[in-house]
Number of protein chains: 2
Amino acid sequence: MSLLNKFIKVGITVDNVIFGFDDEQLKVLLIKRGEEPYINNWALPGYFVKDDEDIADAAKRVLKELTNLQNVYLEQVETFGDVHRHPSGRVITVAYYSLIKIQSYESQLQVGSIAQTARWFSLSEIEDLAFDHQKILDSCVKRLKLRVQSRPIGFELLPPKFTLSQLQHLYETIMETSLDKRNFRKRLLAMNLLIDLDELQEGVAHRPAKLYQFDSQRYKELVAQGKGYIFDLKEHKRKPSKVNGVHS
Amino acid sequence: MSLLNKFIKVGITVDNVIFGFDDEQLKVLLIKRGEEPYINNWALPGYFVKDDEDIADAAKRVLKELTNLQNVYLEQVETFGDVHRHPSGRVITVAYYSLIKIQSYESQLQVGSIAQTARWFSLSEIEDLAFDHQKILDSCVKRLKLRVQSRPIGFELLPPKFTLSQLQHLYETIMETSLDKRNFRKRLLAMNLLIDLDELQEGVAHRPAKLYQFDSQRYKELVAQGKGYIFDLKEHKRKPSKVNGVHS
DNA sequence: AAATTTATTGCTAAATAGACACTAAATCGG
DNA sequence: CCGATTTAGTGTCTATTTAGCAATAAATTT
């Protein structure tokens with residue numbers, strides 16, 4: 001069949017930007033490569049797609065083998081296929097990002113994995129990634145910032161029970177902005193997508209906050225009804241005092 | 001090199017959803033396949049990526065060979081790589097869409113092309129596309145609807161000189177909504193992205209409209225200054241009369 | 001010149017967004 | 001135990017934005 005003449009021998013990979021949130025910063029899970037090329041370099045976790053494997057399944061496999069997590073939010077972002085992006089030959093990679101609850105992460109590194117180690121990095125720490133992984137990361141970060149405004153995916157990064165302050169801080173971190181507390185709460189609660197659990201935080205050295213849960217049932221209903229939903233978090237111009245937010 | 005063991009023999013293709021606008025409807029350029037599989041079926045124009053060709057270049061090549069157009073708006077959307085999406089073997093396709101001025105299109109079909117013919121279809125006419133092309137098309141249409149609200153790309157579909165009514169009708173068509181004329185004009189002009197050419201339409205059997213041009217210079221400046229720009233066209237609830245917009 | 005068709009323009013009411021500051025409830029340290 | 005510290009929680013007013021609405025203007029056609 002003449003079609004097959006047009007087939008080429010290439011590597012197809014998926015790379016996965018795994019995001020987590022530790023109540024302070026947005027983090028990304030990177031691996032230290034244990035193989036050439038770029039041995040000992042930090043890189044995005046990724047795998048070759050098998051010849052009988054759907055691409056989305058390969059992305060899930062990366063996640064499963066590195067974190068032992070399944071059924072997490074996973075979204076395809078962009079495909080990178082420049083001829084020379086990989087030093088060993090033609091490798092085309094499909095980039096995904098996923099959102100996991102960092103608290104549920106335990107390293108699952110296997111012997112024989114392509115990775116020596118894995119570690120969470122905050123975005124500002126990251127430098128000298130292997131291949132074109134910085135470009136891939138940037139693309140996924142950009143997509144996350146976009147998505148977070150049109151889908152209620154922030155909850156994927158928080159524990160099942162969270163406080164409104166945690167949620168606000170998450171959005172502030174992702175969007176790199178600051179938000180007004182009262183207006184944030186007003187808007188969030190108006191969406192009717194949060195269940196007040198009538199429980200309080202424990203073990204904190206201050207007034208404990210109420211715990212909430214995301215109402216995914218109701219969200220599904222809204223989507224099913226085709227109701228537009230915009231999680232539009234506008235910027236809040238803080239008073240130009242106390243500009244430095246550096247920890248002492 | 002053990003890496004190469006993981007390379008597989010696959011077809012890498014690009015498929016391109018080429019959009020045009022004929023002052024009435026949003027159109028998509030399809031080809032009638034002249035080869036197996038799906039011979040005589042309508043399909044998205046696409047090609048195999050060559051082994052020394054960047055993927056984005058392959059997408060440009062599709063466009064160039066079918067329309068003889070270059071330097072048009074082209075955006076990658078999604079990669080489809082399910083194992084069985086192509087009957088002849090593993091073929092992974094990267095979907096792009098492009099926006100062209102339909103008036104400048106002239107068929108450039110080459111002898112020996114994979115296409116027998118090419119023709120513009122309105123979205124509602126399209127059925128029974130080859131492969132998973134309907135899915136690809138849907139994905140690109142969805143993306144276009146999104147993008148049109150965050151970037152001034154509508155102009156790519158109009159002639160260089162256009163009237164405000166044409167522009168409004170374009171947006172109404174893409175967004176599948178109707179917009180209030182006065183509010184539309186107010187908002188558009190407030191953006192300061194249109195140059196009033198002080199010219200009038202000619203050859204129309206009614207009051208001629210003023211012609212405008214998109215000020216891409218100014219748009220670049222705004223982007224360079226990092227000024228957020230939202231082309232946010234909300235829905236307009238028309239009076240519930242004259243619901244049928246069918247032509248006589 | 002009357003009929004037809006589309007272009008052009010502004011105001012007002014309603015809804016939304018945004019700024020803003022004090023009290024409450026817990027722990028901690030002396 | 002009480003004062004200091006830390007974070008939680010809450011309402012109002014103003015400015016801005018959005019949305020609805022209709023009459024006149026300029027060309028062609030008959």
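Just so you know, these numbers come straight off a predicted model, no measurement behind them. Chain identifiers are assigned alphabetically (A, B, ...) following the order of the sequence lines, protein sequences preceding nucleic acid strands; residue numbering begins at 1 within each chain.
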Whole Å only: how far is the [atom1] atom of [X] from the [atom2] atom of [N]?
| X | N | atom1 | atom2 | answer |
| --- | --- | --- | --- | --- |
| A/Met191 | C/dT16 | CE | P | 13 Å |
| A/Phe184 | D/dA8 | CZ | P | 12 Å |
| A/Asp180 | D/dA8 | CG | P | 14 Å |
| A/Leu164 | C/dA25 | CG | C1' | 16 Å |
| B/Arg187 | D/dT16 | CZ | C1' | 14 Å |
| A/Tyr212 | D/dA8 | OH | P | 12 Å |
| A/Lys210 | C/dA25 | NZ | P | 12 Å |
| B/Leu167 | C/dA7 | CG | C1' | 15 Å |

- Under 4.0 angstrom, heavy atoms only, what part of the nucleic acid is A/Ser165 near: base, sugar-phosphate, or nothing?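 Sugar-phosphate contact only - A/Ser165 comes under 4.0 Å of backbone atoms but never of a base.
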- Query: Looking at the side chain of B/Lys181, which of D/dA8, C/dT8, D/dC21 is the nearest nucleotide?
  - Reply: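 The listed nucleotide nearest to B/Lys181's side chain is C/dT8.
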- Task: Between C/dT8, D/dT10, C/dG10, spot the one nearest the side chain of B/Asn183, thanks.
- Result: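 Nearest nucleotide to the side chain: C/dG10.
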- Task: Please list residues of residues 198-209 of chain A whose heavy atoms come under 4.0 Å from any atom in DNA chain C, ordered by number; otherwise none.
- Result: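 Going residue by residue through residues 198-209 of chain A, the ones with a heavy atom under 4.0 Å of DNA chain C turn out to be A/Val204, A/Ala205, A/His206, A/Arg207, A/Pro208.
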- Upstream residue (5' side of DNA chain C) when B/Gln166 and B/Arg182 are each assigned their closest nucleotide: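 Its nucleotide being nearer the 5' end, the pick is B/Gln166.
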- Query: Charged N to carboxylate O under 4.0 angstrom, B/Glu172 versus B/Lys181?
  - Reply: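 B/Lys181 and B/Glu172: not salt-bridged.
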- Item | Salt bridge A/Glu75-A/Arg143, side-chain N to carboxylate O under 4.0 Å |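 Yes, A/Glu75 and A/Arg143 are salt-bridged.
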- Query: Considering all heavy atoms of both residues, which atom of A/Glu78 and which atom of A/Ser139 are nearest to each other, and what is their separation?
  - Reply: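 In this case the closest contact between A/Glu78 and A/Ser139 is OE1-OG, 2.7 Å.
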- A/Phe19: partners by ring pair (Phe, Tyr, Trp, His ring centres under 6.0 Å), with sequence neighbours left out: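 Ring pair (Phe, Tyr, Trp, His ring centres under 6.0 Å) list for A/Phe19, sorted by chain: A/Tyr97.
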- What is the ring orientation for A/Tyr105 with A/Trp120, classed by angle as parallel under 30°, tilted 30 to 60°, or perpendicular over 60°?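 Answer is perpendicular, since the angle exceeds 60°.
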- Taking B/Lys101 for its side chain and B/Phe155 for its backbone only, find out whether a donor-acceptor pair lies under 3.5 Å.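 Looks like yes, one N/O pair under 3.5 Å.
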- Item | A/Arg182 charged N/C atom sitting above A/Phe184 aromatic ring, 6.0 Å / 45° |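 The answer is no; the distance or angle limit is not met.
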- Query: Which residue, B/Lys186 or A/Lys186, contacts DNA chain D at a nucleotide closer to its 5' end, judged by nearest heavy atom?
  - Reply: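 Between the two, 5'-proximity favours A/Lys186.
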